[in-house]
Structure formats: C-alpha cells, structure tokens
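Accompanying notes for the structure given below.
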Amino acid sequence: MAERDREAPVRCCSYHTVQRWFPVLRWLPQYSLGWLQLDLLAGVTVGLTVVPQALAYAEVAGLPVQYGLYSSFMGCFVYCLLGTAKDVTLGPTAIMSLLVSSYAFHDPAYAILLTFLSGCIQLAMGLLHLGFLLDFVSCPVIKGFTSAASVTISFNQVKNILGLHNVPRQFFLQVYHTFQRIGETRAGDALLGLVCLAVLVGLRAMKGHIPRIHRVELLSVRISRLIVWATATARNALVVLFAGLVAYSFQVMGSQPFTLTGETPRGLPPFQLPPFSKAEANSTVPFSEMVQDLGAGLAVVPLMGLLETVAIAKAFASQNNYRIDPNQELLAMGLTNLLGSFVSSYPVTGSFGRTAVNAQTGVCTPAGGLITGLDLVPLCVTFLLCFWEVQYGIVAGILVSGVLLLYTIARPRIKLSEHGVLLMQPASGLHFPAVESLRDAMHRWALAVSPPRCVILDCTHVSSLDYTVVMGLADLLREFQKRGVTLTFSGLQGHVLQVLLSADLEGFQHFPSVEEAEKGHSAELDGRCRVLLHGASGNMLPESGLIQ
C-alpha cells in the first residue's frame, strides 16, 4: 500500500510533464460535440481563405505558386498537438514571404533549406527556454518592420494589377520602373484586378455591418443573413473562383486578355529530405556554401517567425482569457518548419488574418496610433532601412532600441518637487550607469545652491542595487554631511533596505514614506534651531555683562 502511495505522485508528475509538452492532452479529454461543430465551421472557413492567400504569398516570396500550397497544411497538424493558443493557425504569411524573397533568391531549394534550418533553430530555442529573448525586441522595431513590409508588399502587387513584367523586386527600383512603364499597362489585367479589389473591399465592409442572428426571427431571414455572412467570410476564395471563371470563359472563346499563372503541379508534394546541396549547370553548390548564402536570414527568419506568432497568440489569448507559453510556441513552430521542409514548404508563422477568421471575431486588434516621442526613432529607422535591405532595417532598429534602452537606464528621469525640503524621485530603477546622473542632479539642485538644501530621495521605484550604486550613495552621503545638510531615503523595499543597512553607510537615514521623512526633517530642523538659540544666548550674556 505504501509503495503504491509513493508511485502515485510519480505518475501524476509524469502526466503533468507530458501535458506540458503536449498541450492537446489538456483539452482533448473534455472534447464535446458542440466543440466539434464549431471547429468544423472554423476549419472550413479558414480552408476557403488559405488557398487563395497561399497562392498570392508564394508570388510575394518569388516562388512558384504551388509552394504556397505546400506550406499551408503541415502547421495545421503540428500546432494542434503542440500549440498553446486555440485561435492561432500557422502557415504562409505576407511578412514571412517577403523575408523569403529577400534571403532565398527566388530559389525553391534555398527556401526549403531555410525552412529546415529555421525549424532547427526555433526547436533548439524552445528546448533551451529562450522565449524570454522576445522581451529584448521592442514594439517600435516590430511596428517599423511590419509597416515597411505592408508598404512593400502592397506596392509589389501594383505591377501585377497593371500586368507589367520584368519589374525589379528591389523596392525603389520597382517604384521607378512601375511609374516609368505605366504606359505598358494591360487593360484586361487592370480592369479585372480593380473589379476584384472593389468586390473584396465591399464584402469586407458588408461583413462588419451584418446584424446578429436571433432565434426569434423568421427562418428565411436567418438563412439570408447566414448566406451573406458566409459569402463575406469566404470572399477571398469566391473572388479567386470568379476571376478564374472569367479567364476560363475568354480562353474557351479563343482569346485571353489576362496574364495567367500557368500550369500548376497536381497532387501532394513528395515527402523527401530538404536539399542539402544544389545542382547547377556545371557544378554543385555544397551545403556549407548554401548556408553562407542564406547569411543573416538564419537569424532574422526564425526570430521574426517567433515574434509574429507570439504577438498574434498574445493578442487573442488576452481577448479570450487564456495564457500562452512562448517556449512551447517555439517548439510548435520549430517542429512545423522542420517537418514542413520535408514537404517542400517555405518558412511559416502565425497568420493574423486567418487567426482572426478562425476566432470568428472579425478585426480583433485596436487600430492604435504610432508611438510618439523617442520610441518613434527605432520605428522610423526600421521602416526606412527595410526598403534598402530587410536585414539592415531589423538590425538597425534593434540597435537603436538597445541604445535608447541603455540611455534610459544610464539617465533615468528624476522628478523634483518641493515639500519643505527637496524631494527627488527617480522614475525608474537605479543601476550603476545611473549613479553619475543622480550625483549631477543632486549637485545641481541641492549642493550647488546657496544655502545647500536637504534632500529626500524617494526610492519607491528602486527594486535592486548593485555594489557600484551603494558606493555612489555612500559618496553622496559624505558630501551632504560636509555641507551640513541631510540626505534621507524613503520608500525602500525590504530587500533593498537590507542591502543598504548591511553596507553600514555613515549618516544613513530611512523612513517608510515621504510623509514620515518630512516629519523627521521638521523635527531635526526644530532641534537644530533650539540648539542654535541656546548656544547664542549663552555667548551673549557674558558679553553684555562685560559691556555693562
């Protein structure tokens, strides 16, 4: 009996470990028929959306259109087992397609190898619990890159709408050649493209104004609204189908005013090893050279894939009241890309558009404005340099963010206020680069004035101290004592207070709050005044006596 009792916690611990690695085990035992109905509806809706999107994204990536389809299905199976966000769908996206276009040289072999290596890197990061690295990439860098990517991708479609060919893919050259050759526009492509855009915009706007279906309404009304909702939701697939039928009709009649994609291979891709070498006309490119050619893409693609997926997952998790595990998301995405490389997939990540459809919530993120002030600097740097080279924009944005972060650490804002004495409150923590900034502020506002002023240092926001900070505070206390004024601390957290007490600083005084520190200063000032008055009367009496 005792042996069974000892075995029970072991089995429980093992089961929780398996659940942590395979989140599907958390919800599968509670799966119900009601969930199945909703999952089927979401699956069909997303399926109608992903096909036309995959074809378009492959073109953005500079690859044959079938590679968009090859990249669409592996994530569905892997993320179901390993993902922690119920709404997220993995697959080709606009941003990832743009990165593939930049690093894979429009070559499927390089794109597939990039998928394999990205999956290995993401998988390793997940196993090593490196999801915290996301905290070091600031929001302006992400916004700057995604804004630049949206502009680049949008303008990349202009040449397709106009039916222009052999336009360079580099953004500035593309803009120049598009406007230079606008007279070569094919009327059929432009007309069909504009009509399709108008239909897409109209259906999207219509979906946002469909009233909720109520059971008390007539069946015919409910069916009508359901048809309108389904049409608006599947608008991408319906527009592709419409355009295909129009093009086919012209072909049957013996004319073709549109530019066609051409033949697409049928069936599923073969399950085979990713290309670890590439055969060219008279030579073979070895694995090591292909890796060198991929260059910065081996860092940028895995990182951006993780950023996009976790950002989307966090948005929907916050909206729908559940939590995600960034390390588990790394494992899910890493394994998706790793296995996807065996079916000719290019790198995939979480798709915001399809996730929104999957969650049946429409537009799910607020249309936030641009961040003002210095946070705007890395956004602009990333945004502008991404038009030159994607990797330069991201790296430069991260570097600028890092410099700004270090600057705020080294030069924290200090709030000054008058409370009988001078109250100084650092707006953030005190780290060793900030000691000189604090010393300069105290000299300027307290010690360099005449007469010198007492100071209360409000340390409410100080959560840790290192040796350099402690030594700097000791120097400040000595300087204040030399000037005959006091430096008092207030609001120190318990563990920080213990550090300063252990340092045995000469003249150190601490009060739990600013109010108590002010009372302490008032009492000390009254005591000094009494001592001063008593000393003055004792000296004057003999003199007056001598005078008398």
Side-chain angles (χ1 to χ4, degrees), residues 57-64 67-68 70-71 74 92-93 95-128 130 133 136-137 141 145 148-149 152 156 168-174 269 272-308 330 333-349 381-382 385-399 402:
Y57 290 152
E59 199 279 333
V60 172
L63 301 173
Y67 286 92
Y70 296 164
S71 306
M74 184 59 72
T93 64
I95 290 177
M96 190 55 65
S97 300
L98 181 64
L99 292 175
V100 171
S101 173
S102 300
Y103 293 114
F105 316 108
H106 309 163
D107 189 328
Y110 278 97
I112 296 169
L113 181 61
L114 181 59
T115 307
F116 175 80
L117 295 176
S118 297
C120 292
I121 293 171
Q122 291 167 338
L123 204 56
M125 291 175 67
L127 292 172
L128 294 174
L130 297 181
L133 293 176
F136 292 92
V137 181
V141 172
F145 170 72
T152 303
N156 189 47
R169 297 186 70 88
Q170 205 281 335
F171 179 75
F172 294 110
L173 291 176
Q174 189 177 110
Q272 58 189 5
L273 285 172
F276 295 114
S277 62
K278 182 178 183 298
E280 292 187 341
N282 299 318
S283 62
T284 299
V285 182
F287 174 74
S288 59
E289 188 174 333
M290 293 181 72
V291 172
Q292 290 178 357
D293 291 339
L294 290 173
L298 294 177
V300 175
V301 169
L303 178 61
M304 286 307 301
L306 173 61
L307 283 173
E308 192 171 5
L330 267 171
M333 190 163 43
L335 191 60
T336 296
N337 281 319
L338 183 64
L339 295 178
S341 67
F342 287 80
V343 291
S344 302
S345 167
Y346 69 82
V348 301
T349 183
V381 170
T382 307
L385 288 183
C386 277
F387 292 124
W388 180 21
E389 289 289 345
V390 170
Q391 64 269 28
Y392 297 157
I394 295 174
V395 171
I398 292 175
L399 289 177

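Scope of the values below: all heavy atoms of this structure, side chains included, with no hydrogens, waters or symmetry mates.
- Ser97 contributes a side-chain N or O that, together with a main-chain N or O of Thr93, makes up a donor-acceptor pair within less than 3.5 Å.
- Note that CG of Asp293 is 12.0 Å distant from CG of Leu114, once rounded to the nearest 0.5 Å.
- Atom CG of Leu130 is separated from atom CD1 of Ile121 by 12.0 Å, given to the nearest 0.5 angstrom.
- Checking side-chain atoms of Ser118 against main-chain N and O of Thr115 turns up no donor-acceptor pair under 3.5 Å.
- Note that OH of Tyr57 and CG of Leu63 are 15.0 Å apart. Values are rounded to the nearest 0.5 Å.
- Of all heavy-atom pairs spanning Gly68 and Pro92, the tightest one is O-CG, 3.8 Å.
- Inter-residue side-chain proximity for Val285 and Tyr110 is flagged as met; some heavy-atom pair is nearer than 4.5 Å.
- Rounding to the nearest 0.5 Å gives a distance of 11.0 Å between CG of Leu298 and CD of Gln292.
- When side chains are defined from C-beta on, Pro108 does not count as touching Ser344, because their heavy atoms never get closer than 4.5 Å.
- Taking 4.5 Å as the limit, some side-chain heavy atom of Thr349 sits within range of a side-chain heavy atom of Met333.
- Atom CG of Leu303 sits about 9.5 Å away from atom CD of Gln122, to the nearest 0.5 Å.
- Residues Lys278 and Asp107 meet the side-chain proximity criterion, which asks for heavy atoms closer than 4.5 Å.
- In plain terms, the two heavy atoms of Leu98 and Val60 that are nearest each other are N-CG1, 4.0 Å.
- The main-chain N or O of Tyr346 is found under 3.5 Å from a side-chain atom of Ser71 such that the two form a donor-acceptor pair.
- Using a 4.5 Å heavy-atom threshold, the side chains of Phe342 and Met74 count as separate.
- In plain terms, the two heavy atoms of Ser101 and His106 that are nearest each other are OG-NE2, 3.3 Å.
- The closest side-chain heavy-atom distance from Phe116 to Asn337 is not below 4.5 Å.
- Within the 4.5 Å cutoff, no side-chain heavy atoms of Leu113 are placed close to those of Ser341.
- Counting heavy atoms from C-beta outward, Leu123 and Leu330 have side chains that stay 4.5 Å or more apart.
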